[in-house]
4 protein chains.
Amino acid sequence: MPRLEPVVEDAPRGRPRDPRRREAILAAAIALVAEVGYDRMTVDALAARAGVSKPTIYRRWPGGKSEIIVDAIRAKRADGGTLPDTGTLRGDLIAYIRGATEGFDPHVAAGLIMQLQSSPELEALFREEVVCDEAARFESLLTRAAARGEIGEGVVTPLFADIPGSIIFTRSLIRNEPIDDAFVEELVDRVLLPILPVKKEQAPHVV
Amino acid sequence: MPRLEPVVEDAPRGRPRDPRRREAILAAAIALVAEVGYDRMTVDALAARAGVSKPTIYRRWPGGKSEIIVDAIRAKRADGGTLPDTGTLRGDLIAYIRGATEGFDPHVAAGLIMQLQSSPELEALFREEVVCDEAARFESLLTRAAARGEIGEGVVTPLFADIPGSIIFTRSLIRNEPIDDAFVEELVDRVLLPILPVKKEQAPHVV
Amino acid sequence: MPRLEPVVEDAPRGRPRDPRRREAILAAAIALVAEVGYDRMTVDALAARAGVSKPTIYRRWPGGKSEIIVDAIRAKRADGGTLPDTGTLRGDLIAYIRGATEGFDPHVAAGLIMQLQSSPELEALFREEVVCDEAARFESLLTRAAARGEIGEGVVTPLFADIPGSIIFTRSLIRNEPIDDAFVEELVDRVLLPILPVKKEQAPHVV
Amino acid sequence: MPRLEPVVEDAPRGRPRDPRRREAILAAAIALVAEVGYDRMTVDALAARAGVSKPTIYRRWPGGKSEIIVDAIRAKRADGGTLPDTGTLRGDLIAYIRGATEGFDPHVAAGLIMQLQSSPELEALFREEVVCDEAARFESLLTRAAARGEIGEGVVTPLFADIPGSIIFTRSLIRNEPIDDAFVEELVDRVLLPILPVKKEQAPHVV
DNA sequence: GTTTAAGCGAGACGGTACGTCAGGTCTTGTT
DNA sequence: AACAAGACCTGACGTACCGTCTCGCTTAAAC
């Protein structure tokens with residue numbers, strides 16, 4: 001009679017990895033990059049800040065800094081993903097953009113972007129986990145608005161979903177200006193809403 | 001009799017700098033960054049590729065890699081800066097975007113962006129020389145269109161001028177997809193023209 | 001009712017140590033040092049070779065590598081310690097030197113010597129257990145010869161007892177030449193016997 | 001007519017190595033090994049002590065510590081190589097041994113010996129430069145004594161030349177006792193002179 | 001035509017960080 | 001409690017790159 005339950009096929013042997021180490025390292029990584037920038041962050045400093053030794057870092061992220069940052073960003077996105085629901089498309093868009101911009105840090109973003117260029121697998125990972133997910137969230141906002149009759153249907157293309165993120169990147173990384181309420185409202189009222197087939201007049205849009 | 005006018009007080013004594021060195025270095029810099037990425041480009045490799053010694057590089061760009069890259073981008077923009085004039089706003093926009101995207105390289109752009117985060121003076125320099133200039137070129141396109149009566153006047157804000165560049169950055173650096181004609185036309189027809197107060201119908205814009 | 005006599009107060013509780021571990025580790029240590037040299041032998045490799053885990057090693061030899069090697073050498077000397085008795089001093093000396101040189105390995109010896117320099121307690125231990133013991137063995141050889149009337153009495157000083165070992169060290173560690181029969185005979189006939197107050201002519205000793 | 005003098009065939013290009021660096025490093029190496037022992041000397045400490053950077057060390061001695069020590073010993077022997085001449089063989093021997101023992105340090109010697117075991121080329125180098133040279137010096141002492149009629153001729157074999165060094169090694173590295181005058185005299189009177197075919201009575205040699 | 005100041009290639013140099021390796025300790029679960 | 005496995009900290013390793021410096025040579029303007 002065969003064994004029916006070989007459930008745990010590979011029993012983890014030896015001392016298990018301390019999960020607190022992981023959290024400490026990722027948090028320290030985000031903090032350090034935000035403070036001094038990606039390329040001025042050293043692994044030694046990261047280890048010291050996280051209260052951890054270098055080998056422990058390289059044991060978990062053999063790829064070094066770049067791997068850590070991508071992982072940290074992913075982990076950060078994991079907590080905090082409720083879709084706003086204000087009742088109107090305009091309110092939803094503003095709330096959505098504010099939410100997505102919350103923990104945004106130019107240093108972190110710039111470091112990430114550069115690493116994406118030199119690691120196809122990193123880039124694929126990031127696109128799947130972050131970009132597509134963000135696009136889906138944006139789309140559900142619009143779908144909900146269409147259900148309410150605010151706009152027509154089927155208007156989301158990759159191009160549309162990229163607009164908010166793109167403009168925020170430029171604003172923050174290149175113009176180095178803050179993402180304040182005035183800017184977000186201008187973005188929504190003068191760019192996003194006008195290019196959607198709005199059924200009811202919502203923003204006056206006087207030039 | 002005393003010399004009355006030492007007119008050119010900073011008469012260059014000694015051997016003058018060989019201008020060919022500069023070109024060789026800038027070209028090698030662009031090529032190298034495009035090949036291996038900004039942070040994997042070493043100054044030694046740059047010197048070897050340009051057939052030049054390291055002191056020669058640092059004598060001209062004391063700031064090192066970042067300075068060189070900004071200078072290279074600026075130099076590249078210098079040749080090829082005629083404003084397109086196709087007769088219609090749509091044609092101008094497409095031609096303008098195509099032109100600006102010509103020699104665009106993701107590696108170079110990503111490296112530049114990261115350096116901007118950690119050097120305020122570099123960032124100021126770049127904003128003045130490139131961002132503002134580009135905005136001005138974009139504005140003159142619209143002004144011309146307004147003069148032709150295609151659109152209203154005074155519609156250019158920093159936000160508007162940033163849109164094309166922003167979207168192209170995202171497309172290239174994050175989505176890693178090519179900037180082809182179809183994309184440029186979609187960008188113009190579905191985003192740029194709709195948010196301008198177009199007077200005549202130009203693109204059908206059927207959803 | 002109180003316990004009156006916990007006679008064996010250090011009753012070994014729990015699982016007793018497996019004696020086979022000790023042998024395996026010592027054997028592996030000697031083999032590894034002989035193969036790659038003392039400082040290139042790693043404890044991990046030692047553990048792997050002995051089929052044992054690192055904590056098992058450190059539980060028994062808290063001092064690490066150096067302690068293990070000294071212990072291994074001592075253990076090796078333990079088996080094989082019968083004094084030769086050939087009837088003549090010359091024969092005894094030759095047999096004694098051959099025996100002492102049996103398992104001699106330059107790597108092991110060199111590693112041991114270096115460790116002795118940086119650990120006084122190790123050095124004391126080794127001197128007591130090995131050096132003095134060897135001197136005693138050498139002395140009893142001479143005492144026996146004196147009883148036979150071959151030589152005078154009271155000729156053994158630390159200096160005398162050190163000579164054979166010293167020369168063998170140099171021969172093996174510095175000159176890197178083998179300790180063969182010809183060499184041992186030359187050592188006995190040209191050095192050891194001449195400096196002892198021999199009563200009967202034994203070795204012709206023609207120069 | 002051929003050029004008679006192509007003397008400087010390969011002109012040294014670039015900045016020449018600063019010879020003071022070499023001296024500083026070798027001196028620091030000897031000092032450090034003597035202080036803390038070979039295996040506890042770190043390259044970082046060596047660099048700090050010599051006021052030099054690590055790459056400078058590895059540029060000159062790619063083999064690391066072992067190469068440096070051998071080089072240092074060789075350099076040290078270079079200065080201070082006059083043969084003693086006291087008029088008698090006994091005086092010469094004592095002076096010679098004292099001289100050779102002058103800067104002798106157990107730590108340095110032990111480190112060297114261990115390194116010799118794991119680098120055949122190092123070992124060959126050392127044997128040529130030091131061992132053979134020392135043997136030659138010893139031989140010329142005896143040759144001079146033979147010319148004076150103190151001893152017979154042709155008595156030097158590798159074995160003889162090794163005796164003083166061997167015994168000193170053991171005395172210092174294993175017994176850890178000082179090489180004082182009493183010891184040197186005992187060595188000369190009780191070992192070296194007796195095994196040479198002395199013609200005149202020189203040392204009473206009472207047992 | 002000298003002089004002379006600078007450009008220039010080569011490469012040593014101090015410094016900083018890298019990613020790795022080994023020693024020795026500690027924490028699991030198992031025997 | 002011993003044991004195997006392996007995570008962990010510490011500290012040193014040897015290397016890579018940066019930006020500076022010192023050479024000896026070349027070049028062109030100034031004298």
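Labels below follow one simple rule: chain letters A, B, ... track the order of the sequence lines, proteins then strands, and each chain is numbered from 1.
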A.B. asks: Which residue, G63(D) or K65(B), contacts DNA chain F at a nucleotide closer to its 5' end, judged by nearest heavy atom?
C.D. replies: G63(D)
A.B. asks: Does K65(B) use its side chain to pair, donor to acceptor, with the backbone of Y38(B) at less than 3.5 Å?
C.D. replies: yes
A.B. asks: Would you kindly compare G64(D) and P62(B) by the position of their nearest DNA chain F nucleotide and give the one closer to the 5′ end?
C.D. replies: G64(D)
A.B. asks: When you compare the side chain of L125(A) with that of R74(A), does any pair of heavy atoms fall below 4.5 Å?
C.D. replies: yes
A.B. asks: At under 4.0 Å between heavy atoms, which parts of nucleotides 6-12 of chain E does protein reach? Answer with one letter per nucleotide, 5' to 3': B base, S sugar-phosphate only, - none.
C.D. replies: BBBBBBB
A.B. asks: Check whether any side-chain heavy atom of R60(D) sits under 4.5 Å from a side-chain heavy atom of R22(D), and report yes or no.
C.D. replies: yes
A.B. asks: Heavy-atom distance under 4.5 Å between the side chains of M114(D) and I113(C), does that happen here?
C.D. replies: no
A.B. asks: Is the shortest heavy-atom distance from the side chain of D39(C) to the side chain of Q115(D) under 4.5 Å?
C.D. replies: yes
A.B. asks: Taking DNA chain E as the partner, which of residues 37-48 of chain A come within under 4.0 angstrom of it by heavy atom?
C.D. replies: M41(A), T42(A), V43(A), D44(A)
A.B. asks: Look up atom CD1 in I57(C) and atom CD1 in I25(C), then write down how far apart they are to the nearest 0.5 Å.
C.D. replies: 5.0 Å
A.B. asks: Take the protein atom CZ of R20(A) and the nucleotide atom P of dC26(E), then report the distance between them rounded to whole Å.
C.D. replies: 16 Å
A.B. asks: Can you measure from CH2 (W61(A)) to CG (L26(A)) and round to the nearest 0.5 angstrom?
C.D. replies: 4.5 Å
A.B. asks: Determine, step by step, whether R59(A) and T56(A) satisfy the side-chain contact (heavy atoms from CB on, under 4.5 Å) criterion, reporting the C-alpha distance in whole Å, the side-chain angles of both residues, the deciding distance to 0.1 Å, and the verdict.
C.D. replies: CA-CA 5 Å; R59(A) 196 178 301 121; T56(A) 295; 3.8 Å; yes
A.B. asks: Without decimals, in angstroms, what is the distance between E67(C) CD and dG23(E) C1'?
C.D. replies: 14 Å
A.B. asks: Tell me which residues in residues 23-31 of chain A lie within less than 4.0 Å of DNA chain E, going by non-hydrogen atoms.
C.D. replies: none
A.B. asks: Is any side-chain heavy atom of E35(B) less than 4.5 Å from a side-chain heavy atom of R49(B)?
C.D. replies: yes
A.B. asks: Rounded to whole angstroms, how far apart are OH on Y58(C) and P on dA4(F)?
C.D. replies: 15 Å
A.B. asks: Using 0.5 Å steps for rounding, measure from the CG atom of L112(C) to the CG atom of D105(C).
C.D. replies: 11.5 Å
A.B. asks: Can any side-chain N or O of H107(A) pair as donor or acceptor with the backbone N or O of Q117(B) at less than 3.5 Å?
C.D. replies: yes
